[in-house]
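In what follows, chains are A, B, ... by sequence order, proteins preceding strands, each numbered from 1.
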Amino acid sequence: MSRPKKTSVPELQSQLLTWFSRHRRAMPWRAPKGVRPDPYHVWLSEIMLQQTTVVTVGPYFTKFIQKWPTVQDLAKAKQDDVLAAWAGLGYYARARNLHKCAIEVTQKHGGAFPRTIEGLLELPGIGPYTAAAIASIAFDQPAVAVDGNVERVVSRFFAIGEPLPFSKEAIRKGAAELALGNPHPGDFTQAFMELGATVCTPRKPKCVLCPWREDCAALKKGIAEELPRKAPKPEKPVRYGKVFYFANGRGEFLIHKRQGQGLYEGLYQLPTTEWIANRAAARRLPPPVKAARLESLGAEVRHSFTHFDLILEIWTGHTKNTVLAGAAWVSAENLEKYALPTLMKKAIRLCSQGKPAKTA
DNA sequence: TATACGTGGAA
DNA sequence: TTTCCAAGTAT
């Protein structure tokens, strides 16, 4: 791979580490400079940070550490409680795997995380990036963690014009060339990502502040902001359905544990129809339980998922329920005990303030 | 290799 | 309003 100036790799590494020692941001999971972080903290934060911003993760991380100070504590928790604490963070498979992983680490590894990439990779929820991040940050092993930040930095540094995801292999090679042999793997991993997060940003990169500006091929070519190129994304379909707010006259309404696998698996929800592509057909869908006095609220919830947009009509009505698995009558005050996805919280909010559910 | 899997903030 | 995207993993 070609570079404009050809500063030696050890010198580049030194430049980045020096830059990081000055610009390292404080984060709840980050140990003070020079202090080895708790592997449990590193692991928990890395799982939470997958596809999620630092700002969003902060309060969740603090809450988890307070509730479950050690990996053994987390292993002892009920999955329902873990999901409830995770509610709102998204990608709930992460929370299910987090709990499984805590149990495995406690039962099969005596409460100590494996120190090698191979060992870490066997744990649920830990993939190539996270394994390398934990190995380097928690144990100072020479592992190269390639996340979205690093992909962007490397794409620009070497001016890799091939679009993602096809360029992944070239990026991995470039990242390894820049990282391998550095004297402080834990700091280097964090520095690499920090550079991407704060300087080598997706839009309007602050190239004048970059410790690698002299050697950056994309900057030299004037195409830094254009990289990395990405393959076009498929269009998002829209799906339609209804949700039902069944009140019981005592300030409570019905929720139940969602059945099946995949989306929102193991979380609670308002009773809902299927979510389908045909809007007219969706309007004719019946509720999942026998109900009386059904009435459209005249409101809808819109929610955008990664791979489809959703529009749900909100209905009120009455039911004796009894059919739905994992059903519970809840009031607005004890909702935080249940794992309710943001979509459902939006719907509930509209119901409880918009038109107070008519009571029996 | 491609697709499923959440959410909130910025431009 | 729409689009992009943020410390990816599982299948």
Report which part of the nucleic acid A:Arg30 touches: base, sugar-phosphate, or nothing (heavy-atom distance under 4.0 Å, all strands).
base
Could you list the residues that satisfy side-chain hydrogen bond (donor to acceptor under 3.5 Å, both in side chains) with A:Thr189, not counting sequence neighbours?
A:Ser136
Pairing donors with acceptors under 3.5 angstrom, does anything connect the side chains of A:Thr130 and A:Gln50?
yes
Could you note down all residue pairs passing salt bridge (Lys or Arg N to Asp or Glu O under 4.0 Å) where residues 48-63 of chain A supplies at least one of them, sequence neighbours left out?
none
Suppose we screen for side-chain hydrogen bond (donor to acceptor under 3.5 Å, both in side chains). Which residues come up paired with A:Ser14, at least two apart in sequence or across chains?
none
Rounded distance in Å - CE (A:Met48) to P (B:dG8):
15 Å
side-chain hydrogen bond (donor to acceptor under 3.5 Å, both in side chains) with A:Tyr264: which residues, sequence neighbours excluded?
none
Whichever of A:Arg203 and A:Phe305 has the more 5' nearest nucleotide on DNA chain B, that residue is A:Phe305
What is the distance, rounded to the nearest whole Å, between atom CZ of A:Arg94 and atom C1' of B:dA4?
14 Å
To the nearest angstrom, the NZ-C1' distance between A:Lys233 and B:dT1 comes to 17 Å
Apart from A:Val9 itself, what residues make up its hydrophobic cluster, given side-chain heavy atom links below 4.5 Å?
none
Using a 4.5 Å cut-off between side-chain heavy atoms of Ile, Leu, Val, Met, Phe, Trp and Tyr, which other residues end up in the same hydrophobic cluster as A:Leu227?
A:Ile223
Testing B:dT7, B:dG6, C:dA6 for proximity to the side chain of A:Thr53, the answer is C:dA6
A:Glu151 and salt bridge (Lys or Arg N to Asp or Glu O under 4.0 Å): which single residue from A:Lys168, A:Arg156, A:Lys230 fits?
A:Lys168
On DNA chain B, check which nucleotide each of A:Lys204 and A:Tyr264 is closest to and give me the residue with the more 5' one.
A:Tyr264
For A:Trp212, all residues meeting side-chain hydrogen bond (donor to acceptor under 3.5 Å, both in side chains), sequence neighbours excluded
none
For the residue pair A:Thr306 / A:Tyr91, report whether a side-chain donor-acceptor contact shorter than 3.5 Å exists.
yes
Nearest-Å distance for atom pair CH2/P, residues A:Trp86 and B:dT7:
13 Å
Name the pairs: protein N/O against N/O of nucleotides 8-11 of chain C, kept only if under 3.5 Å.
{"residue": "C:dG8", "atom": "OP1", "partner": "A:Gly148", "partner atom": "N", "Å": "3.2"}
{"residue": "C:dG8", "atom": "OP2", "partner": "A:Gln51", "partner atom": "N", "Å": "2.8"}
{"residue": "C:dG8", "atom": "OP2", "partner": "A:Gln51", "partner atom": "NE2", "Å": "3.1"}
{"residue": "C:dT9", "atom": "OP1", "partner": "A:Gly127", "partner atom": "N", "Å": "2.9"}
{"residue": "C:dT9", "atom": "OP1", "partner": "A:Gly127", "partner atom": "O", "Å": "3.3"}
{"residue": "C:dT9", "atom": "OP1", "partner": "A:Thr130", "partner atom": "N", "Å": "3.0"}
{"residue": "C:dT9", "atom": "OP1", "partner": "A:Thr130", "partner atom": "OG1", "Å": "2.8"}
{"residue": "C:dT9", "atom": "OP2", "partner": "A:Tyr129", "partner atom": "N", "Å": "3.3"}
{"residue": "C:dA10", "atom": "OP1", "partner": "A:Gly125", "partner atom": "N", "Å": "2.5"}

A:His303 vs B:dT7: side-chain N/O to OP1/OP2 distance below 4.0 Å:
yes
With ring pair (Phe, Tyr, Trp, His ring centres under 6.0 Å) as the rule and sequence neighbours excluded, what pairs involving residues 271-303 of chain A come up?
A:His303-A:Phe305
Taking NZ from A:Lys236 and P from B:dG6, how many angstroms apart are they, rounded to a whole number?
13 Å
Can you list, by chain and residue number, the hydrophobic cluster partners of A:Tyr240 when the side-chain cut-off is 4.5 Å?
A:Val238, A:Ile311
Rounded to the nearest Å, what distance is computed from the CZ atom of residue A:Arg152 to the P atom of nucleotide C:dC4?
15 Å
Residues in residues 160-192 of chain A with a heavy atom under 4.0 Å of DNA chain B, by number, are none
Among B:dC5, C:dA6, B:dT7, the one nearest any side-chain atom of A:Leu263 is B:dC5
In this structure, how many angstroms lie between the P atom of B:dA4 and the CZ atom of A:Phe308, rounded?
10 Å
For the pair made of CZ in A:Arg96 and P in B:dG6, what is the distance, rounded to whole Å?
7 Å
In residues 269-276 of chain A, which residues come under 4.0 Å of DNA chain C by heavy atom?
none
Applying a 4.0 Å non-hydrogen cut-off, can you work out what A:Pro234 is touching in the nucleic acid: base, sugar-phosphate, or nothing?
nothing
Between CD on residue A:Gln66 and CZ on residue A:Phe61, distance to nearest 0.5 Å
10.5 Å
Under 4.0 angstrom, heavy atoms only, what part of the nucleic acid is A:Met344 near: base, sugar-phosphate, or nothing?
nothing
Report which part of the nucleic acid A:Gly196 touches: base, sugar-phosphate, or nothing (heavy-atom distance under 4.0 Å, all strands).
nothing
Taking OP1 and OP2 of B:dT3, is either one under 4.0 Å from a side-chain nitrogen or oxygen of A:His307?
no
Distance between P atoms of B:dG8 and C:dT9 (Å, rounded)
22 Å
Rounded P spacing from B:dC5 to C:dA7 in Å:
23 Å
